[in-house]
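So you know, we letter chains A, B, ... as the sequences are listed, proteins then strands, and number each from 1.
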Amino acid sequence: MKQGGFSFDFDRIVDTTNKDYYKWTQWIFVQLFKKGLAYRDKTYINFCPSCKVVLSNEESQGGKCDRCDTVVVQKEKDVWFLKITDHAERLLEGLKKLDTLPRIRIEQENWIGKSTGAHVDFRVKDTNESLMVFTTRPDTLFGSTFMVIAPEHGIIERQKAKINNLDEIYNYLEGAKLKTEFERVELAKDKTGVRIDGLVAINPVNNKEIPIFVADYVMIGYGTGAIMAVPGHDTRDYEFATKYNLDIVEVISGGDISKEAYTDSNEGILVNSGIINGLNVPEAIDKIIEFLEENKIGTKAINYKMKDWAFNRQRYWGEPIPIIHCPKCGMVHVPEEDLPVVLPQVEKFEPSDEGESPLSTIEEFINVKCPKCGTMAKRETDTMPQWAGSSWYFLRYTDPRNDDKLADFDKLKYWLQVDWYNGGMEHVTRHVIYSRFWHQFLFDIGVVPTEEPYKKRTAQGLILGSDGYKMSKSKGNIVNPLEIIEAYGADTLRLYILFIGDYEQSTPWNENGVKGARRFLDKLARLEEKVSDQMNDSYQTILHKTIKMVSEDIESVKFNTAIAKLMTLVNEFTKADHIFKEDFEALLKIVNPFAPHICEELWERIGHNEDMVNAPWPEYDESKLVESTIEMVVSINGKVRDKIKLPLDTPKEEVIVLAKSTDKITSLLEGKEIRMIIVVRNKLVNIVI
RNA sequence: GCGGGUGUGGCGGAACUGGCAGACGCGCUAGACUUAGGAUCUAGUUCUUAGGAGUGCAGGUUCAAUUCCUGUCACCCGCACCA
């Protein structure tokens with residue numbers, strides 16, 4: 001970093017693995033625990049048999065471990081959760097105020113996955129329980145002709161005495177278990193399921209008895225793990241109903257349900273639907289929810305795809321969770337004054353085969369007195385994920401050595417919000433959601449002065465290997481920046497990376513391009529020989545234009561075009577027979593952000609003792625931006641035919657006369673009738689024939 | 001399937017509210033200086049049947065379209081039996 005010449009304040013270094021830092025990560029956890037936002041629960045978790053580690057949903061996308069690609073298995077375990085779902089709505093709301101890339105915004109919205117609809121209770125006949133479903137389309141309730149529950153749904157065990165085909169069902173559940181989440185999704189085309197013989201549900205709006213199926217196309221993790229199937233208006237239900245010969249009822253007119261489900265039904269009118277017949281869809285939804293609530297069979301509901309954040313890991317490298325398990329008091333947090341709970345020295349860094357944390361074998365770490373009652377108790381041995389420390393580190397920059405607080409409130413007030421947070425594309429989704437959640441929480445307990453951490457959030461494009469693929473060790477297409485600095489210099493590297501392409505776009509690395517950047521710097525250095533005390537008018541316009549455009553490009557993060565313009569200017573200076581010293585200084589100042597080392601060097605060589613970084617940014621002279629003579633394009637029917645040189649702001653009538661009089665244009669116009677002439681001031685003349 | 005993004009020379013990429021398509025760089029070609037050139041400089045470099053054609057493809061609006069509209073294709077990314 002230092003070699004690259006970045007202007008970071010290295011006095012404010014923050015290291016999330018340092019105990020003076022993670023003390024505050026643990027402190028935040030304690031606050032979350034006190035507010036009930038950190039809780040422990042037994043659940044099926046994603047477990048990677050290779051890393052021997054519990055994974056969050058975020059880390060096991062596609063059913064594979066995001067570190068080693070091993071297929072993830074489900075395992076029952078005690079899991080620490082952070083109740084991020086409590087913030088679902090706020091996280092979504094706050095997004096509106098965040099200035100960010102469309103892509104990031106969409107990913108966030110997707111991740112939160114809000115949908116509105118209703119919860120509806122379906123009584124199960126001859127039992128004392130009912131199945132609750134979530135639906136976004138309560139208006140189609142009258143068309144629900146069967147129900148489907150997820151294989152993991154608890155009702156199977158609870159009502160097994162009533163089920164006649166238990167063997168068949170268990171058999172199916174076994175099969176479903178063997179499939180990974182990934183396969184269940186992949187083999188989506190062919191729907192399988194088993195009817196639960198013995199259990200019948202009652203559709204609460206028309207009291208019809210409908211069969212219940214168990215099928216793995218319903219997920220336990222989303223909604224309630226049970227659905228009301230409306231085959232007439234849902235493709236999956238339609239497919240299932242056709243396969244198992246179930247009733248298909250049309251409740252929204254407009255389609256042809258003998259051929260396929262009519263899903264594009266927002267236009268249609270309700271039919272076969274009792275009290276909501278004749279209404280359009282939005283009206284029907286309102287009315288049926290009203291009905292459900294009046295009769296206590298359902299409620300309006302909002303569902304989020306996002307789940308609580310599984311927060312414990314069994315890795316060594318992580319902040320120990322500051323909780324003590326006391327036989328008398330239960331779970332007690334470590335008192336704030338006793339923080340940090342320091343990560344002990346350990347011989348074995350690997351978790352046990354059972355997936356226990358490596359800390360679990362260290363007696364002197366585990367055994368501890370309960371801070372409440374003094375009884376011998378045991379420490380929690382799981383640690384936090386890497387996300388913990390990275391969810392708030394930027395706050396610590398404001399006050400990196402504070403030992404009393406995670407950061408002084410007044411300092412936070414001075415610095416926050418972060419004006420612009422930029423980071424790598426690969427971490428964006430999770431980092432944005434986690435850090436905003438923590439920040440909102442810290443705001444709620446009065447630790448930070450703003451509800452949202454940053455105003456603007458972007459991510460820069462990746463630099464790919466020269467083969468156009470993502471750089472990776474296995475592909476052998478890695479470029480080591482230090483080697484480039486060694487061979488071409490830090491300025492070259494900086495310049496090339498910024499010149500290579502659009503800031504947000506991924507671009508392949510090209511060593512030849514690096515040479516080009518170096519050539520530019522060599523050219524710049526050679527200009528020094530031409531510096532003189534004599535003014536030079538020959539390049540004034542382009543100089544001032546470049547100052548203006550480079551300033552603007554930097555503001556709008558278009559570094560590639562800024563550098564292109566600098567190159568043009570240097571080419572222009574190369575042609576000049578001498579360069580006025582002040583003009584050369586102006587050039588150095590605008591090249592400086594891209595190539596600071598060489599500019600400082602040249603700055604000194606032309607007689608400055610003071611550092612260049614403190615020199616003011618040059619200003620352009622408005623009067624020098626435009627030349628007095630301009631070139632106008634003369635086109636016929638939109639095709640460029642000739643160019644004429646004219647004084648700036650020549651009146652329209654004169655322009656027309658001059659345009660028509662050139663040799664080329666006269667010959668082309670011969671014998672033709674001019675239908676109209678369009679003049680764009682100082683730009684072009686278009687003659688239509 | 002849904003959503004987002006991107007399609008411009010041999011390559012990376014420019015082109016503000018429609019107004020000279022290909023800036024700038026790489027690569028390539030020829031020449032100069034040189035024992036030499038992988039240094040430097042100069043000239044050229046979208047294609048071309050030399051009239052034109054040309055910004056993924058097909059239409060449309062306009063005096064004028066990479067830019068606006070309609071349709072369509074391809075690639076990349078994200079989500080995904082989401083009820």
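At a threshold of 4.0 angstrom between heavy atoms, the contacts of R105(A) with the nucleic acid are absent. Nucleic acid contact class of S506(A) (heavy atoms, under 4.0 Å, all strands): sugar-phosphate only. At the heavy-atom level, V680(A) lies under 4.0 Å from base atoms of the strands shown. Residue V640(A) is in sugar-phosphate contact alone, with no base atom involved, counting any heavy-atom pair closer than 4.0 Å across all strands shown. Residue-level contact check: I678(A) touches the bases, meaning some heavy atom is under 4.0 Å from a base atom. Within the 4.0 angstrom heavy-atom criterion, only backbone atoms of the sugar-phosphate kind lie near K558(A); the bases stay farther away. Within the 4.0 angstrom heavy-atom criterion, base atoms lie near L684(A). As judged by a 4.0 angstrom heavy-atom cut-off over every strand, N303(A) is placed among residues making no nucleic acid contact.
The phosphate of G19(B) has neither OP1 nor OP2 within less than 4.0 Å of any side-chain N or O from S635(A). For C16(B), neither phosphate oxygen OP1 nor OP2 lies less than 4.0 angstrom from any side-chain nitrogen or oxygen of K683(A). OP1 and OP2 of C76(B) both lie 4.0 Å or more from every side-chain N or O belonging to R103(A).
Classification of G44(B) as anti follows from a glycosidic angle more than 90° from 0.
Of the C1' atoms belonging to U61(B) and G71(B), the separation is 15 Å, rounded to the nearest Å. Rounded to whole Å, the separation between the C1' atoms of A74(B) and A23(B) comes to 28 Å. As rounded to the nearest Å, U67(B) and G7(B) have P atoms that lie 12 Å from one another. Taking the C1' atom of each, A15(B) and A65(B) are spaced 13 Å apart, rounded to whole Å. The gap from the C1' atom of A43(B) to that of G59(B) amounts to 43 Å, rounded to the nearest Å. Comparing the C1' positions of G9(B) and C28(B) gives a spacing of 12 Å, expressed to the nearest Å. Taking atom C1' on both nucleotides, A14(B) is separated from C20(B) by 15 Å, rounded to a whole Å. A21(B) and G54(B) have their P atoms separated by 12 Å, with the value rounded to a whole Å.
Surrounding CD of E511(A) are more than 12 heavy atoms belonging to other residues, nucleotides or ligands, all under 6.0 Å away. Residue K243(A) places its NZ atom among more than 12 non-hydrogen atoms of other residues, nucleotides or ligands, all under 6.0 Å distant.
If you take OH of Y496(A) and C1' of G13(B), they are 11 Å apart, rounded to a whole angstrom. Atom CG in D234(A) sits about 7 Å away from atom C1' in A83(B), given to the nearest Å. As rounded to whole Å, 12 Å separates atom C1' of C63(B) from atom CD1 of I689(A). Residue W111(A) contributes atom CH2, which lies 16 Å from atom P of C82(B) at whole-angstrom precision. A80(B) atom P lies 11 Å from atom CD of E107(A), rounded to whole Å. Between I463(A) atom CD1 and G13(B) atom P the separation is 11 Å, expressed in whole Å. For H233(A) and C82(B), the NE2 to C1' distance is 20 Å, given to the nearest whole Å. To the nearest angstrom, P of G12(B) lies 11 Å from CD1 of I500(A).
Here the side chain of Y217(A) is nearest to one of C63(B), C81(B), U6(B), namely C81(B). Relative to the side chain of N686(A), the nucleotides C20(B), C81(B), A64(B) differ in distance, and A64(B) lies closest. Of the candidates C79(B), A83(B), C20(B), the closest approach to any side-chain atom of K305(A) belongs to C79(B).
The base of C81(B) sits within donor-acceptor range of the side chain of K191(A), with an N or O pair under 3.5 Å.
Each of R675(A) and G225(A) has a nearest nucleotide on RNA chain B; the 5'-most of these lies closest to R675(A). Along RNA chain B, the nucleotide closest to N110(A) and the one closest to G501(A) are compared, and the more 5′ of them pairs with G501(A).
Using modelled atom types and a 3.5 Å distance limit, the side chains of Y217(A) and D237(A) yield a donor-acceptor pair. Counting only N and O atoms by type, the side chains of N203(A) and S144(A) include no donor and acceptor under 3.5 Å apart. Using a 3.5 Å distance cut-off with no hydrogens or angles, the side chains of Y503(A) and T458(A) do not pair a donor with an acceptor. Counted by atom type alone, D308(A) and T85(A) present one or more donor-acceptor pairs between their side chains at under 3.5 Å.
Base pairing analysis places A32(B) opposite U40(B); the two distances defining the Watson-Crick or G-U wobble pair are each below 3.5 Å. Searching all strands for a Watson-Crick or G-U wobble partner of C79(B) with both distances below 3.5 Å returns G1(B). Pairing partner, C26(B): G10(B), with both Watson-Crick or wobble hydrogen-bond distances short of 3.5 Å. The partner of C16(B), taking Watson-Crick or G-U wobble pairs whose two distances both stay under 3.5 Å, does not exist in any strand shown.
Between D577(A) and K530(A) no salt bridge is recorded (no basic side-chain N to carboxylate O distance below 4.0 Å). In this structure, E89(A) pairs ionically with K114(A), as a charged nitrogen and a carboxylate oxygen lie closer than 4.0 Å. Salt-bridge formation is detected for the pair D649(A)/R681(A): a Lys NZ or Arg NE/NH1/NH2 atom is positioned less than 4.0 Å from an Asp or Glu carboxylate oxygen. Salt-bridge check for E107(A) with R103(A): passed, with a basic side-chain N closer than 4.0 Å to an acidic carboxylate O.
For F559(A) and F499(A), the distance between ring centers is not under 6.0 angstrom. The ring of F146(A) has its center closer than 6.0 angstrom to the ring center of F240(A).
Aromatic ring pairs are classed by plane angle as parallel below 30°, tilted from 30° to 60° and perpendicular above 60°; the pair Y434(A) and W387(A) is perpendicular.
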Tabulated below should be each protein N or O lying under 3.5 Å from an N or O of nucleotides 23-30 of chain B; please produce it.
| residue | atom | partner | partner atom | Å |
| --- | --- | --- | --- | --- |
| G25(B) | OP1 | N571(A) | ND2 | 3.1 |
| C26(B) | OP1 | R519(A) | NE | 2.9 |
| C26(B) | OP1 | R519(A) | NH2 | 3.0 |
| G27(B) | OP2 | R519(A) | NH2 | 3.0 |

Might you list the N or O atoms of the protein lying below 3.5 Å from N or O atoms in nucleotides 44-53 of chain B, with each pair's distance?
none

